[in-house]
S.K.: 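Pasting a structure here, questions to come.
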Amino acid sequence: MADVAAKERKILVAVDEGEESVHALSWCLKNVISENSKDTLVLLYVKPPRAVFTALDGTGYLFSSDILTAMDKYGNDVADCVIEKAKKICKDLQDVKVETRIEHGDPRDVICQMTQKLGADVLVMGSHGYGPIKRAFLGSVSNHCAQNVKCPILIVKKPKSTAGND
């Protein structure tokens, strides 16, 4: 076991706007990262591709370059906010290097590609906990990654709310 703690690991944590990814990151810090390790924690946020709009959409509205620029700025602001929130959660780590990455594309594909490109030893991600019907329509990023990533993957489910059971 001492051999595991001494090895420098690269742990990729996929983060997004949801509470599930915040829970997965917090769980990872408590249960995967060990004290005095030389681990590298990579926080990855994937900006989904912008919907393709022609200058004239189907309803007859014209999208000006100002609107498209504002949409891009909003996407960048969201990405920066998510990464900053994740970095704050990691602020008390010692001896662990924290890196951040913001990539563009379909999160399912980009997370799988970055896991391999960065040589991650483990991928940690949250699960939204969709039922089978929602998952069929929306797709499951964690399920796709579990099927396609070559390294071990840790999918952390957020516990059901216990509000009212105090």
S.K.: Calculate, to the nearest 0.5 Å, the distance between atoms CZ and CD1 belonging to Arg101 and Ile111 respectively.
M.R.: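 Taking CZ in Arg101 and CD1 in Ile111, the distance rounds to 13.0 Å.
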
S.K.: Looking at Gly126 and Ser142, what are the two nearest heavy atoms and their distance?
M.R.: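 Answer, listing the atom of Gly126 first, then Ser142: O-CB, 4.1 Å.
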
S.K.: Between Glu99 and Lys97, does at least one N-O distance fall below 4.0 Å, as a salt bridge requires?
M.R.: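 Counted as a salt bridge, because a side-chain N and a carboxylate O are separated by less than 4.0 Å.
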
S.K.: Side chain to side chain contact (heavy atoms under 4.5 Å, CB included), that's the test. Do Lys47 and Ile102 meet it? Break it down for me.
M.R.: CA-CA 7 Å; Lys47 287 174 48 175; Ile102 297 175; 3.9 Å; yes

S.K.: Are Ile89 and Val32 in one and the same hydrophobic cluster, where Ile, Leu, Val, Met, Phe, Trp and Tyr link if side-chain heavy atoms are under 4.5 Å apart?
M.R.: yes

S.K.: I'd like to know whether CD of Glu17 has more than 12 heavy-atom contacts from other residues, nucleotides or ligands below 6.0 angstrom.
M.R.: yes

S.K.: Can you name the nearest heavy-atom pair linking Ala14 to Ser21, along with the distance?
M.R.: O-CB, 3.9 Å

S.K.: Measure the CD1-NZ distance between Ile83 and Lys85 for me, rounded to the nearest 0.5 Å.
M.R.: 12.0 Å

S.K.: Enter the distance from Cys90:SG to Leu43:CG here, rounded to the nearest 0.5 Å.
M.R.: 5.0 Å

S.K.: Got Lys158 and Trp27 here, is their nearest side-chain heavy-atom distance under 4.5 Å?
M.R.: no

S.K.: Taking all heavy atoms of Pro49 and all of Gly105, pick out the closest pair and write down the distance.
M.R.: CD-O, 3.3 Å

S.K.: Given the rule that I, L, V, M, F, W and Y join up when any side-chain heavy atoms are under 4.5 Å apart, are Tyr45 and Val110 in one cluster?
M.R.: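 The answer is no; the residues belong to distinct hydrophobic clusters.
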
S.K.: Does one hydrophobic cluster hold both Val46 and Val82, with members joined at side-chain heavy-atom distances below 4.5 Å?
M.R.: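 Each belongs to a different hydrophobic cluster.
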
S.K.: Going by salt bridge (charged side-chain N to carboxylate O under 4.0 Å, His left out), name the residues that satisfy it together with Lys117, two or more places apart in sequence or in a different chain.
M.R.: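 If we apply the salt bridge (charged side-chain N to carboxylate O under 4.0 Å, His left out) test to Lys117, skipping adjacent residues, there are no hits.
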
S.K.: Roughly how far apart are Arg9 CZ and Ile33 CD1, rounded to 0.5 Å?
M.R.: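 Result: 6.0 Å between the selected atoms.
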
S.K.: Do any N or O atoms from the side chain of Ser127 and from the backbone of Ile155 form a donor-acceptor pair under 3.5 angstrom?
M.R.: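 No; judged by distance alone, with no hydrogens or angles, the pair does not exist.
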
S.K.: Tell me whether Asp121 contacts the main-chain N or O of Lys10 through its side chain, where contact means a donor paired with an acceptor under 3.5 Å.
M.R.: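 Present.
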
S.K.: If you measure from OG1 on Thr100 to CD on Glu84, what distance do you get to the nearest 0.5 Å?
M.R.: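 So the gap between those two atoms works out to 8.0 Å.
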
S.K.: Determine, step by step, whether Asp109 and His144 satisfy the side chain to side chain contact (heavy atoms under 4.5 Å, CB included) criterion, reporting the C-alpha distance in whole Å, the side-chain angles of both residues, the deciding distance to 0.1 Å, and the verdict.
M.R.: CA-CA 8 Å; Asp109 298 328; His144 179 84; 3.5 Å; yes

S.K.: Atom CG of Leu118 and atom CD1 of Ile11: how far apart are they, to the nearest 0.5 Å?
M.R.: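 One gets 13.0 Å once the value is rounded to the nearest 0.5 Å.
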
S.K.: Tell me whether Val122 shares a hydrophobic cluster with Val98, the cluster being built from Ile, Leu, Val, Met, Phe, Trp, Tyr side chains joined at under 4.5 Å.
M.R.: yes

S.K.: Test side chain to side chain contact (heavy atoms under 4.5 Å, CB included) on Leu25 and Leu41 and set out the steps.
M.R.: CA-CA 10 Å; Leu25 175 58; Leu41 186 65; 4.3 Å; yes

S.K.: By the definition side chain to side chain contact (heavy atoms under 4.5 Å, CB included), identify the one residue from Leu12, Val15, Leu29, Leu154 that meets it with Val124.
M.R.: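 Of Leu12, Val15, Leu29, Leu154, side chain to side chain contact (heavy atoms under 4.5 Å, CB included) with Val124 is met by Leu154 alone.
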
S.K.: May I ask whether Val96 and Val42 are part of the same hydrophobic cluster, defined by side-chain heavy atoms of I, L, V, M, F, W, Y residues being less than 4.5 angstrom apart, directly or through others?
M.R.: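 No, no single cluster joins them.
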
